[in-house]
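Step one of this worksheet: look at the structure below.
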Amino acid sequence: MGLDRNTKIFILGALLLSLFLAIFISPFASPFPTGLERVAEDQGFLEKGEEWSAWKLAPIPDYAMPGLGEGALATGVAGLVGTLAVFAIGYAIALFIKPKSKS
Amino acid sequence: MHIPDGFLDPKTIITTAVISAGALGYGIKKVNQKLGERQVPLLGLTAAFIFAAQMLNFPVVGGTSGHFLGGVLAAVLLGPWAACLIMAVVLIVQSIGFADGGLTALGANIFNMGVVGGHTILLRLCSRKEMRAPYPPRLSFICCHSFLAFHSSGFCIRCLSTCCIGYLPSTCSSSSHGWRAYAHWHWGGDYSHCCGEHRPGNQTGSSQHLLCSSKCH
């Protein structure tokens with residue numbers, strides 16, 4: 001890796017911050033519906049989004065790790081997996097677009 | 001909540017998918033040209049942070065919640081085209097992995113949060129010099145613009161973009177209530193009341209219904 005020490009520390013620190021937010025803070029997120037959800041519910045078209053779905057195989061539906069119930073643990077683990085997955089995929093795509101220079 | 005499957009009509013799905021795909025294609029080209037080697041990990045890092053931050057819903061008003069979007073944060077850090085890519089990564093993982101946002105609505109979600117979110121007009125007002133500064137940019141700069149973006153991208157910018165594109169969701173409420181309800185839950189009533197009184201049901205329609213469906217967090 002052609003990254004200097006400070007950059008590596010910054011990346012590690014920011015990743016740890018993201019993981020902290022996703023694992024330990026997300027269980028305390030507001031359970032209220034979002035604007036769209038609330039409007040859809042009030043106007044009676046929320047079912048339209050629920051009765052038909054193009055993709056039913058999501059491994060972690062609704063940010064709750066299957067098998068861990070609905071509580072803080074399920075949310076925290078979902079956050080951990082999701083954050084690492086997004087980091088890995090984002091990094092991989094960036095490397096694919098911008099391969100390391102040969103120097 | 002991002003836009004799920006079943007909310008948008010085929011016209012909307014196709015239009016937004018084509019625009020988003022075009023933006024991503026151009027984004028890849030731009031990122032290849034502009035991104036420095038040491039910014040490569042930052043792309044993944046920004047995406048990971050945005051994913052984490054999007055999980056943190058906070059109460060807004062009258063029993064609803066909202067969350068950070070991230071498009072502008074990404075644009076401030078890495079430029080608007082990289083922001084499109086970052087938001088696409090986040091949204092694709094959310095849609096396929098977490099059932100948040102429909103697969104058919106992915107184009108619309110990327111358009112709202114990545115393309116529009118990353119290209120907010122506000123961003124154009126920042127000084128060029130600051131845009132080119134090595135990362136991390138000044139914290140105050142990021143905080144200020146992320147805050148502005150939260151307010152603007154949630155409503156004004158989306159209104160603008162949706163009016164321009166003029167897509168019309170078929171399944172959204174066909175009365176003016178959809179629009180009013182949307183404004184109500186987004187802004188806490190005042191705006192919707194004023195809007196409802198001054199425009200008693202004879203709106204031009206499309207842009208307003210649109211807005212209702214283009215709400216994405």
Side-chain angles (χ1 to χ4, degrees), chain A residues 2-4 7 10-11 14-15 17-19 21-22 25-26 28-40 42-45 48-63 75 78-79 81-95 97-98 100-101, chain B residues 1 3-7 28 31-32 35 37-53 55-60 63-67 85-86 89-90 92-100 102-104 136 171-173 175 177-178 181-182 185-186 212-213 215-217:
Chain A
L3 297 173
D4 58 66
T7 311
F10 175 75
I11 290 165
L15 190 61
L17 173 71
S18 307
L19 287 171
L21 292 176
I25 309 298
S26 67
F28 301 101
S30 168
F32 294 134
T34 58
L36 173 62
E37 207 172 350
R38 178 64 188 252
V39 171
D42 290 355
Q43 302 294 317
F45 65 93
K48 285 185 174 163
E50 285 165 356
E51 69 194 20
W52 184 83
S53 172
W55 174 255
K56 295 187 175 71
L57 304 173
I60 313 175
D62 299 322
Y63 300 91
T75 309
V81 174
T83 307
L84 289 178
V86 170
F87 177 68
I89 294 168
Y91 200 161
I93 288 175
L95 273 179
I97 296 172
K98 189 85 189 179
K100 271 186 254 175
S101 59
Chain B
M1 182 171 100
I3 307 170
D5 286 320
F7 273 27
I28 288 171
V31 166
N32 188 10
L35 206 68
E37 198 174 330
R38 64 178 213 147
Q39 288 173 315
V40 165
L42 193 62
L43 206 137
L45 188 64
T46 311
F49 179 79
I50 289 170
F51 176 88
M55 286 183 78
L56 310 177
N57 286 52
F58 45 84
V60 183
T64 59
S65 70
H67 62 70
L85 290 185
I86 288 167
V89 169
V90 173
I92 289 168
V93 170
Q94 284 174 334
S95 175
I96 292 177
F98 297 84
D100 187 13
L103 209 56
T104 56
T171 55
C172 198
S173 164
S175 72
H177 292 292
Y182 176 84
W185 292 117
H186 195 84
C212 167
S213 80
K215 168 72 172 166
C216 55
H217 50 92

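Lettering of chains follows the sequences in order, A, B, ..., and the numbering in each one begins at 1. Both backbone and side-chain heavy atoms feed into the values below; hydrogens, waters and symmetry mates do not.
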Which atoms of B:V40 approach chain A - backbone, side chain, both or neither, heavy atom under 4.5 Å: both
Minimum heavy-atom distance between A:A14 and B:L45, given as atom pair plus value: CB-CD2, 3.6 Å
B:T64 side chain to A:R38 side chain, donor-acceptor N/O pair below 3.5 angstrom: no
Separation between CZ of B:F51 and CG of A:L21, rounded to the nearest 0.5 Å: 12.0 Å
Pick from B:V31, B:I92, B:I50, B:I96 with the largest number of heavy-atom pairs that fall under 4.5 Å of chain A: B:I96
Minimum heavy-atom distance B:P59-A:S30, with the two atoms named: N-CB, 3.6 Å
Gap separating the CD1 atom of A:I93 from the CG atom of B:L43, nearest 0.5 angstrom: 8.0 Å
Sidechain-backbone polar pair: B:S65 side chain, A:F32 backbone, donor-acceptor under 3.5 Å: yes
Chain B contact via A:L17 - side chain, backbone, both or neither, heavy atoms under 4.5 Å: side chain
Nearest-0.5 Å distance, CD of residue B:Q39 to OG1 of residue A:T7: 10.0 Å
Spacing of CG belonging to B:L85 relative to CD1 belonging to A:I97, to within rounding of 0.5 Å: 5.0 Å
A:K98 side chain vs B:L35 backbone, donor-acceptor pair below 3.5 Å: yes
Closest non-hydrogen atom pair, A:Y91 against B:P41: OH-CG, 3.6 Å
For the student: nearest non-hydrogen atoms of B:G63 and A:P33, plus distance: O-CD, 3.4 Å
Which atom of A:L15 lies closest to which atom of B:A48, heavy atoms considered: CD1-CB, 4.2 Å
Side chain, backbone, both or neither of A:A92 within contact of chain B (heavy atoms, under 4.5 Å): neither
When A:G44, A:P61, A:A88, A:A85 are compared by non-hydrogen pairs under 4.5 Å with chain B, the top option: A:P61
Max heavy-atom pair count under 4.5 Å with chain A, selected residue of B:G97, B:S95, B:P4: B:G97
Nearest atoms (heavy-atom pairs only) where B:M55 meets A:A29: O-CB, 3.3 Å
